[in-house]
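Structure first, commentary second.
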Amino acid sequence: TDSSIIRNFCIIAHIDHGKSTLADRMLQMTEVLDARAARAQYLDRMDIERERGITIKSQAVRLPWAVAEGNDEGTEPGTYVLNMIDTPGHVDFTYEVSRSLEACEAAILLVDAAQGIEAQTLANLYLAMGADLHIIPVLNKIDLPSANPEKYAAELAGLVGCDPSEVLQVSAKTGFGVEALLNEIVKQTPPPVGAKDKPARALIFDSVYDTYRGVVTYVRVVDGKLNHRDRIKMMSTGATHEMLEVGVISPEQTKAGELGVGEVGYLITGVKDVRQSRVGDTVTTQHHGATDMLGGYKHPNPMVYAGLYPIDGDQFNDLREALEKLQLNDAALTFEPETSGALGFGFRCGFLGLLHMEITRDRLEREFNLDLISTAPNVVYEVTMEDGTEHEVTNPSEFPEGKLAEVREPVVKATILSPSDYIGTIMELCQTKRGTLGGMDYLSEDRVEMRYTLPMGEIVFDFFDQLKSRTKGYASLDYERAGDQAAELVKVDILLQGEPVDAFSAIVHKDAAYGYGVMMAGKLKELIPRQQFEVPIQAAIGARVIARENIRAIRKDVLAKCYGGDISRKRKLLEKQKEGKKRMKMVGRVEVPQEAFVAALSTG
Ligand code: GDP
Ligand code: MG
């Protein structure tokens, strides 16, 4: 395909502003998908994406679009090739978003006409501007009675620096305005530029494992061409692979002989898991290949860790196999076996963020039929000892003992958008989470953007929930990693009869240590049944006890009563006990029902 008729674009939006619905509507209008075959949100292929209404993996689809009339700016009548690249909208997947943006020349900035600009609208816009994309501002959902297109067109125009009349108005639901939008994409999107005679360079913007086909790698060709007879090379590792197939998606995979400058399509190679075909890497040919990679490749590093344990210890191997399978399709997921005194055998898993963690756990339980307990999530801490040795702590129970010189924690730059009524309550929340206000701007009279630096460890627990509940759901949040800071952090251990329960160790700020200790000790007192002896529960920092509770012993006469009486009741009781034993974990001499651990961990 001649690159002058190619238009590569993406749609960026805050969650729920209608990106997937608009993508579906475009598939229909370009007759790539007929209305009968269309099922809601065609591009959100995974069930879990449809259920949660979010887009996790990017997808790309080729849409033919005929323009009947030319225009003054040099658009000729004729059929154009539009490549629409769907991007994940959540902060955990920012890296994937930024790589899919690199594959485009324009971005449709979609804003709900009843909601206005939200935090991820801004975050995505900044990413798109960073990638030098032409921005096409569009208001969606103008069919809603509550839509206020005039107000929000002005807001959006102010943001991108255009006239409010240049903001397109559509309804992805009814189709109103979508045809005009497609024409506008042809007109406004610059055609790709690249050297067709240079060695091939293609950007990997997505990589998906398919049970039947192996890894399907989505690429945008920047220079040269990739032919189905070529042997290819991944430039970050130098690994070479046989090419089995090249093609485009419209809307299913369709073979093509080759992909040229500006084209978007897929490659199928001998690659067995997505870690060999990483998002952001550059593909070239093995013979006469390029020598310079396309810029910006980044290895995805986990930001949040948690222990995952099967409730039934027999499922340990099933869990390992399930994690291995998920990893085929998720280059950012890491896991290593670990043992917990309280929870048995499991894995310490690394995730890009909380949503990534929830999705992974959900999939493990659902698709692989596993029952799991997860420990509270934690971030990665860097510890320097007085003797100069350094430790990276991904599991709180492995926090080093001895003389510490410095503990560093990751921080994030957070952007919060909210109606201005809630400024006070947001400031209060951020203060309790050790945030520092970086700046504040009014987007309009009643909407404000607040910028905070916050420790990531404070964000991973309940920050988002609290923000939502304190602002009646109106505030939105976006954040990005912003280096480390030294902080006065301590490890709090929880001990039963003097034995630390590793699953409950936490790294917290010293001012929050007492509160955490009291809360956990109180909770465990409620949850652990009385034993035949007294069980002290303590919270401690090193050897210093900061909180304690006692579970009193069962009185002798209660036991006597149980074991008297008729024989069938006694047998029933014994059977019940035997069943219960399976799910009992021993901590020292103390028998703790697994449910107690689950309950203590689940309420955070
Ligand atoms: P995404 O998160 O940006 O992909 O948003 P979705 O496409 O999943 O849409 C979120 C919700 O808004 C869904 O319930 C859609 O049916 C609804 N929606 C999307 N576009 C429109 C529209 O133009 N009008 C109305 N009334 N609802 C819409
Ligand atoms: Mg979506």
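Whatever order the structure lists ligands and atoms in, that order sets their numbers, starting from 1. Position 1 is the first residue of the sequence; numbering continues from there.
- Residue contacts with ligand 1: Ala172 is placed with a nitrogen or oxygen under 3.5 Å of a nitrogen or oxygen of the ligand (distance criterion only).
- Scanning Thr21, Leu110, Asp24 for the heavy atom closest to atom 9 (O) of ligand 1 points to Thr21.
- Residue His17 touches ligand 1 through its backbone alone, judged by heavy-atom distances below 4.0 Å.
- Among the atoms of Gly18, some N or O lies under 3.5 angstrom from an N or O of ligand 1.
- No donor-acceptor pair closer than 3.5 Å links the side chain of Asp441 to the backbone N or O of Val448.
- The aromatic rings of Tyr474 and Tyr422 lie parallel to each other, their planes meeting at an angle below 30°, with 60° marking the opposite boundary.
- If you number the atoms of ligand 1 from 1 as listed, the ones under 4.0 Å from a heavy atom of Leu144 come out as 26 (N).
- A salt bridge is defined here as a Lys NZ or Arg NE, NH1 or NH2 lying under 4.0 Å from an Asp or Glu carboxylate O, and Glu358 with Arg361 fails to meet this definition.
- Between the side chains of Asp478 and Thr415, no donor-acceptor pair is found at a separation under 3.5 Å.
- Surrounding CD of Glu150 are at most 12 heavy atoms belonging to other residues, nucleotides or ligands under 6.0 Å away.
- The backbone N or O of Leu326 lies less than 3.5 Å from no partner atom in the side chain of Asp330, so there is not a single donor-acceptor pair.
- When non-hydrogen atoms are compared, ligand 1 lies under 4.0 Å from the side chain of Asp143 (C-beta onward) but not from its backbone.
- When heavy-atom distances to ligand 1 are checked against a 4.0 Å cut-off, Asn140 comes that close only through its side chain, counted from C-beta outward.
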